[in-house]
Every structure is written in C-alpha cells, then in structure tokens.
Amino acid sequence: MSEQSFPDDARPEYADALPEYAERVLDVTELIPPGRVMTYGDIAEYLGEGGPRQVGRVMSLYGGGVPWWRVVRADGALLAGQELEALDRYREEGTPLKEASRAAEGHLPRLDLKRARWDGGERAQDHT
DNA sequence: AGCGTGACGAGTA
DNA sequence: ATACTCGCCACGC
C-alpha cells in the first residue's frame, strides 16, 4: 500500500469518529454499574494513559451520551452545574451518598466514595 | 513561545 | 471543613 505521508500538523480527521482516547474513556464510563462511580483519576489510571484532567476534558466534550454522573471527582463533590440532575440519578440508582452534616444545611450531599467507588473489576461488594 | 484555563488530585496549613 | 499550592497536560489566544 502506498504510504501517504502527511505533515504532522495535517493529519486527516474523521468527523464521525471521536479521538481514540475519548472513545476509551467513554467506553469505560459505560462499564460502571449503576449505583457505583469511578473518579476521573481512576479512569485515567485504569486506561494507563492520560490523567484526571484529560478524562475530565473528554467528559466535558463528549460525556453527553454516556452515564456521566457515574464519573465523579475524588473528593465526592457533585458535578458543579448539574448537582440536582446528578443527585436525582444517584437517588434512583441507590448510589451511596454522605448526607451533609446538619451544620451545613445549604450543602448538598456528597458521594460516599468509600462505598460507591468501583474499581473496574467485577467483585462482590456488600455491607450496608 | 508564553500564559491562562479547566467536569482533576494530593498535600499542606 | 476551607483555602491555597503544585503537578499534571491539552487547548486556545
């Protein structure tokens, strides 16, 4: 096959296809079981490529078609701008939440990562 | 090329 | 628990 040599800054792109990295991130996102979550960093580590910021970027740009609420920040804070949307999902999926202490009323609950975090493998998780 | 910005994360005060 | 720093890396100006 004749190898066409493109200049490094003029590689052909196909509009229908997402960048390969983005596709992998979305792929992993769809593997997260309902009621569980993975952090941006977890996904990056799982892929063995990129970092949390790269994953965050992908979700920001292309996350609309996948269960984006199952990809969360490491501190358990709900996604800014879509807290209520996400909270709704968590409640219907039974995702472990950590209710805000009564002292902080205005605060929405945060995720209980200790219980909700999914390691990417199939494994029994119990307790209550 | 430099610099600010971001759906991040860990460490420190 | 909050605030701030740094490290990280892709992008846009």
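Chain identifiers are assigned alphabetically (A, B, ...) following the order of the sequence lines, protein sequences preceding nucleic acid strands; residue numbering begins at 1 within each chain.
One finds no side-chain N or O of A:Thr39 lying less than 4.0 angstrom from the OP1 or OP2 phosphate oxygen of B:dC8.
Checked against side-chain contact (heavy atoms from CB on, under 4.5 Å), A:Ala116 has the following partners two or more places apart in sequence or in another chain: A:Val37, A:Thr95, A:Pro96. Under the rule for a salt bridge (charged side-chain N to carboxylate O under 4.0 Å, His left out), the partners of A:Glu92 that lie at least two apart in sequence or sit in another chain are A:Arg89. Evaluation of the side-chain contact (heavy atoms from CB on, under 4.5 Å) rule for A:Leu78 yields A:Glu83, A:Leu87, A:Tyr90, A:Leu108, A:Leu111 as partners, not counting sequence neighbours. For A:Arg91, the salt bridge (charged side-chain N to carboxylate O under 4.0 Å, His left out) partners two or more places apart in sequence, or in a different chain, are A:Glu99. Evaluation of the salt bridge (charged side-chain N to carboxylate O under 4.0 Å, His left out) rule for A:Asp27 yields no partner, not counting sequence neighbours. Remark: A:Ala74 engages A:Thr39 in a side-chain contact (heavy atoms from CB on, under 4.5 Å) (not counting sequence neighbours). Judged as a side-chain contact (heavy atoms from CB on, under 4.5 Å), and not counting sequence neighbours, the contacts of A:Leu61 are A:Arg57. For the salt bridge (charged side-chain N to carboxylate O under 4.0 Å, His left out) test, no residue two or more places apart in sequence or in another chain qualifies with A:Arg53.
Sorted by residue number, the members of residues 50-60 of chain A with any non-hydrogen atom under 4.0 Å from DNA chain B read A:Pro52, A:Arg53, A:Gly56, A:Met59, A:Ser60. Contacts between residues 71-96 of chain A and DNA chain B, counted as heavy-atom distances below 4.0 Å, involve A:Arg73, A:Ala74, A:Leu79.
The stretch residues 70-81 of chain A participates, sequence neighbours left out, in these side-chain hydrogen bond (donor to acceptor under 3.5 Å, both in side chains) pairs: A:Arg70-A:Glu93, A:Arg73-A:Asp75.
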Produce the list of close N/O pairs, under 3.5 Å, pairing protein atoms with atoms of nucleotides 2-5 of chain C; give distances to one decimal.
none

